[in-house]
Every structure is written in C-alpha cells, then in structure tokens.
Protein chains: 2
Amino acid sequence: MPEGDLSPPTGKPTINDLARVAGVSLATVDRVLNGRPGVRRTTIEKVNKAIADLGYIRDTAAANLARRRVYRLLFILPDAANEFVDALAAQVDVQGAQLSHQRTTLAARSVPPFDPQAIVDMLDGLSPDETDGVAVFGPETPAVRDAVNRARARGIAVVSLVADLPSSERDHFVGIDNYAAGRTAARLMGRFIHEPGPVLVITGSRLARDHLERRAGFDAVMTTDFPHLEVLPSVEGRDDPDLIQQLLPDILRAVPQVRGIYSSAAGNAGLLRCLEREGRRGDLVVIAHELTPVSRRALTTGVFDAVISQNAGHLVRSAVRLLKATADRVPFDETQERIRIDIYLQDNMPPE
Amino acid sequence: MPEGDLSPPTGKPTINDLARVAGVSLATVDRVLNGRPGVRRTTIEKVNKAIADLGYIRDTAAANLARRRVYRLLFILPDAANEFVDALAAQVDVQGAQLSHQRTTLAARSVPPFDPQAIVDMLDGLSPDETDGVAVFGPETPAVRDAVNRARARGIAVVSLVADLPSSERDHFVGIDNYAAGRTAARLMGRFIHEPGPVLVITGSRLARDHLERRAGFDAVMTTDFPHLEVLPSVEGRDDPDLIQQLLPDILRAVPQVRGIYSSAAGNAGLLRCLEREGRRGDLVVIAHELTPVSRRALTTGVFDAVISQNAGHLVRSAVRLLKATADRVPFDETQERIRIDIYLQDNMPPE
DNA sequence: TTGAAAGCGTTACCAT
DNA sequence: ATGGTAACGCTTTCAA
C-alpha cells in the first residue's frame, strides 16, 4: 500500500491526486505522463497504477494553457478559378479568424492547378518549427507522394484534402468517397431519365484522383443498373469554366439526342452559361458537383436537377481537428470525421 | 496618456496587459470584463479603452479553468420504441462520455410519447442550480410552451429538438426545416414515379409539429409539380412499428394501384416488415425518414428508394454548443448550427 | 532520479 | 471602489 493520504478526490482526478496517491511529486507525474526520460521503472509503474486506479484523464485545456501551445496549420489549395476552391479558401479565412483566439492559426497558400512540382516545392519548403500540419489538395503523382512522405518524416502532420493520396503516408484523408459519389450521381441520373439515350460526362483531369474515382463509380452503376443509357467518353474540362463553355456546344450538336449530363468536376459556370444560352431541353437531366452560388442558382431555376456536394466548412473543420490530433498524437472520433456525400435538390438547399 | 509601461505585448493581449495599460489592478479589469458592480464609470471607461486599443479577447479556456465551470445539460426525449429516438439517446450517451472530460455532463431522460403533461412536469422539476440547459423533443401544446417559458425565466437555457416550439421563447431550434424536408420527399417521389396514380402518406401524430410540417411541404410540391399523382389522406401510425404493420395491409388492399408511399414519421420497422411480407411491387416507390439500421437495410435491399434524414450526432452536438453558448450569453456560428436535410440512396450511405 | 516553485490567463476571496 | 493573492490543472525551469 503506497504512502500518502487516500481521501477520495473530489470530482475528476488531477495530477495532484496522482502525485498524492503515487507518493511522488507533480514534476515526476508530469514526466511519466509525457513520457519524458529520467524516471525509474518502479516510479513509472507507481504513477501508472495511480493513473489506472483513479481513472485519470488529462485536461488538455489546462495543458495547452501551461504549454502555451499554438497550432500552425497550412492549407495548400489549387489556384483554380472555380467556386468550390473559392469556398474552401473562404472557409480557411473565416475559421482562421475564429481559431486565432484558440491558439490555432490557419493559412492558405495557392499553387498552380494540376502542377505537381509546385506542390512538391511548397511541401519541401515547410519546416516543422514553422508549421505543425498541412492539408494538401492536389494531384496524386509519385513526386507529390514522396514530398508528402518527406514532410511527415520531418515531423509535420499531413492530410490529403478532397482528393486522396493513398499511395503516400498522409496521416488522413479529408473528403468524400468519390467512387460512391459517382455511383450516387448515376443512380439519380438513371432514375430521373425516363427514356433510353446517351449520357455525357464532363470530367476535370486524368491527374485528379477524385475525378477518376467519380467516373468509375458512375460507370459501374450505369452499366449494371441502367444499361439502356449509354455513357459517352469523358470530356476533359480541366475545371475551367471558359474551356467548358467553349467545348460543349460542338459536342451537344454532335449528339443532339443526349438525355443527361454529369458534370463530375468543377467549372459549372461554363456549363451553366452554355445551357442557358442554348436553351436547355426540358427533359435533359443535369447533375453536377458542389453546392456553390453558381449551382444554387442552377438548381433554383431548374437547369440543374441535382447536385452532389461536400460541405467546405466541414472539410476545413475536419482537417483542422485531424491535424491537431495528429500533431498531439491523440486519438479522434472516426465517425465525426466522415464527410458525407450530400445530395441537393432545389428543395433542400440550406438557406442563403 | 495613461500611466504604466507601454512595451508592446508579446502575442495576444491578456488581462495583465489591460491592467498595465489602463493603470488598474487585475481584479478591476476582471470586474469590468464580467460586468460586476463596484467600479467607477471613469475606471470602466479606462479599461474599455484598453480593451479596444489592444484588441483584447478573453481566453475562454483559461476562464473556464479558473471558474471551474461545469455545464450540466439535459435531453428530454420521448420514450418511443423507434430507432431514431434510440439513435439520439445513444448519441447523448456517447458524447456525454467524451464531454465528461471537458467540464460538460449530458443526461437523457425519457417521457411517455405524445404526452404534454409529462414534459411539463419534467420541465417544472428542473432547477437552475442543477441544470444549466435542456433540449426538448416533444409536442407543441400551450402547456409545454408555458413550461418552456417558465424554465427559461428560472435561468435555464432551452432548445427545442427535432420538432420546433416556435410559440415558446425557446432559445433556439435544433433540427431540420421540416417543411423543406417534405418538399424534398415529394420531389424525389415525383421524379422517381413514372406513371400517374395515388400516393400514400404515413404520418405520426397531429400533435407532432415536425410531422405536420413535412406533410404540408409534401403536399405543396405534389400539387403544383406532380398533379398526376394523387396524395391520399394521412395514415396516423403514432411512430409505432406494430400499429403501422397492423394498419397497412388493409389500406394497401383497398388501394392496390398505389404508386408511392411516403413514410413521414418514425416506425419504419413496421412498414418494412409489411412490405417484405407482402412482396413489394417492383415499381412502388418508397421514401422514408431517418437513416437507422432498419432503413439502411431497406435501402440496401431496394425496398426503400430514398431516405430523408437528419444526423443524430450533429443534432446532439449542435444542441450542446447552443445550450452552452446560451448559458454563457456568448454568440455562436449560425452557419455551423444549421442541420442539413440529408438525402440517402443506397449508394451514399456512410459506412457501417 | 526527483522535487520545489514559478508560471500560463483567468477568476474569486479577502482586504483596504 | 480598488488591489493583492491564492487558486484552477498542467508544464517547465532550476536545484538538489
């Protein structure tokens, strides 16, 4: 039986209770709590026993206060002129302003889109004594993969954002299951279209893993469940509204009997302008990705029939939580970090 | 120019900086910060000027630590044998376990369903020195409304959960826009059904505001956008799987040509059993509410075509944040507290 | 290998 | 009406 008074601790046990029960000083308790060296095995065991006996759980708020811990997090985003990336950047700004009062600083940096080398350079320029964690939204290439691994090796937490980098050792992926998103789009498309015919798919880039996965999911459902709808080869729009607006008219003229369009990437503004200019056929079904001012308007006017989306606010919040938890080497709530595949119709858009 | 040293504060300003710049003590700064009495007007102004000049923002973590603030929150849930309420209760448990280490205790108490008096009694039994805030999921009646107002008058924060109580002075509503949810269900129903015919609506109770609002939204869209589908009078299932299972066969026999079923309340297990037993017609469209183990299975097997849902985890998290913010009289992030109207198809259900 | 004591930013009690 | 000072639970020197 260890020395020390055994009066029941009031409320949650603190390190003071641990010290008392284990018969050691606060400093020693802190050493074993934080795995610091210079403590005898037997002492460590005494403290660990006290921890177990009392069911001690550290108060992170107090710890961070004493430690003057600050989390410095960075978001690397493509410098694309599309509304989804804009929304992400805006969320980094807004949440950064709020979190600045909670020992957390967020920063966003842009790199040219579809440019692996730019991401590599940015990543390689990061130092662990300036940056605790980074969220990367970019293409999966061997060079990017290696740069991610180097950053992690230097002690920087890394999550992939929107598009996964599964070949790398990134700590987590923050985004939706894009294969399932593609399946979802196909299901809606198949059930909304009432007559057989061809369906057009607009994609972004072969480099973008999220786009490839969506296309794969879309094709899978179309083939098995809606064989009367023929999916045409992808049109590569590079997330560029102007390019899409330029390409589309010819294609629609070439396949006038098209029954549906799946816009699986960004650049919806171009699609919308084209559809509005040509006058959309009443029975054409259009399904796009990401709820933005552009797609909201299209849903409202009925030009788009459905939008598959992932919430930019949630993406950023989840990335922040994951990056902090990784930096602190503490566990997190799996279920809270799953980004849902949202479906929006004109009726269930959130206000404003 | 006030007395005191003016060396630039390093990092974020603290009350020490305020005290120095305003030339007063910490205690006085604290008094004005917390609106405590016993400070001269001129002193208050000196401090307020310092606050403004330095852009001071209080560190709530440190404040809560010193204050040993504990939030004691209560959830009043109907004692209904349905999976959605079960999910809510489970979330209160799970999140309560996590939050217990963050100076927050959650408790859930059951009251008989559709029993206003039980809620009134529960509410009236609450004392502000045992309970800081309460979330109420129940029918909107004058008696409930008055009890809510009394609780608030006693200094207890109150939010309505799932079903709003707009006639009361509840601090907030935590839940989806049920009118929009009904509209959404109708939109899917209308677009999934390919031939004219009657549509059946199963509701819960005339007392439940959420059910009434869903029905209203459903009817609105059906009438204007899908007039070829005739919406039959509601079947009242009282959220009771057994009752629903018992009522339904006769109705389906009476209207064999029914093209769609909108299960707008709880008790899906009964509907599912009935459909599975009778053998669902291939072209019957079934849309229900709330993603639960029961509805997940129905979506997977294709018995349900779509499920409108609100995430139980988010509901509880949002209620907690709102209740805390109200108790502390601090503002909150509107956009984060909007509960989304989720649409689930077999393809976009979250795993497990 | 261990402990005492001074913070971290805020609150609260007791003086004056 | 104001100030000093000991907490809150934890971390971090600095000594021993």
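Chain A is the first sequence line, chain B the second, and so forth, proteins listed ahead of strands; every chain is numbered from 1.
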So which atom in A:Ala319 and which in A:Val159 form the shortest heavy-atom distance, rounded to 0.1 Å? CB-CG2, 4.3 Å
Sugar-phosphate only, base, or nothing, as touched by A:Val29 at under 4.0 Å among non-hydrogen atoms: nothing
Can you tell me the distance, in whole Å, between the CD1 atom of B:Ile44 and the P atom of D:dA1?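 For the pair B:Ile44 CD1 and D:dA1 P, the rounded distance is 9 Å.
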Rounded to whole Å, the CG-C1' distance (B:Leu18 to D:dT2) equals 16 Å
Reported CD-to-CG distance for the pair A:Gln91 and A:Leu88, which is rounded to 0.5 angstrom: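 With rounding to 0.5 Å, CD (A:Gln91) is 8.0 Å from CG (A:Leu88).
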Quick one: do the B:His314 and A:Arg340 side chains pair a donor with an acceptor below 3.5 Å?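 Side chains of B:His314 and A:Arg340: pair found under 3.5 Å.
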Where along nucleotides 4-16 of chain D does protein come under 4.0 Å, by heavy atom, of base (B) or sugar-phosphate alone (S), with - for untouched nucleotides? B---BBBBB----
Row check, A:Tyr56 ring normal vs A:Arg58 NZ/CZ: under 6.0 Å, within 45°: no
Determine, for B:Arg338 against B:Asp177, whether the closest basic-nitrogen to carboxylate-oxygen distance falls under 4.0 angstrom.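 Judged by the 4.0 Å cut-off on N to carboxylate O distance, B:Arg338 and B:Asp177 do not form a salt bridge.
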Count the heavy atoms of every other residue, nucleotide or ligand shown that sit under 6.0 Å from CZ of A:Arg109, and state whether that count exceeds 12. no
Compare side-chain N and O positions of B:Thr28 against OP1 and OP2 of D:dA1 and report whether any pair is under 4.0 Å apart.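 No, because none of the side-chain N or O atoms of B:Thr28 sits under 4.0 Å from OP1 or OP2 of D:dA1.
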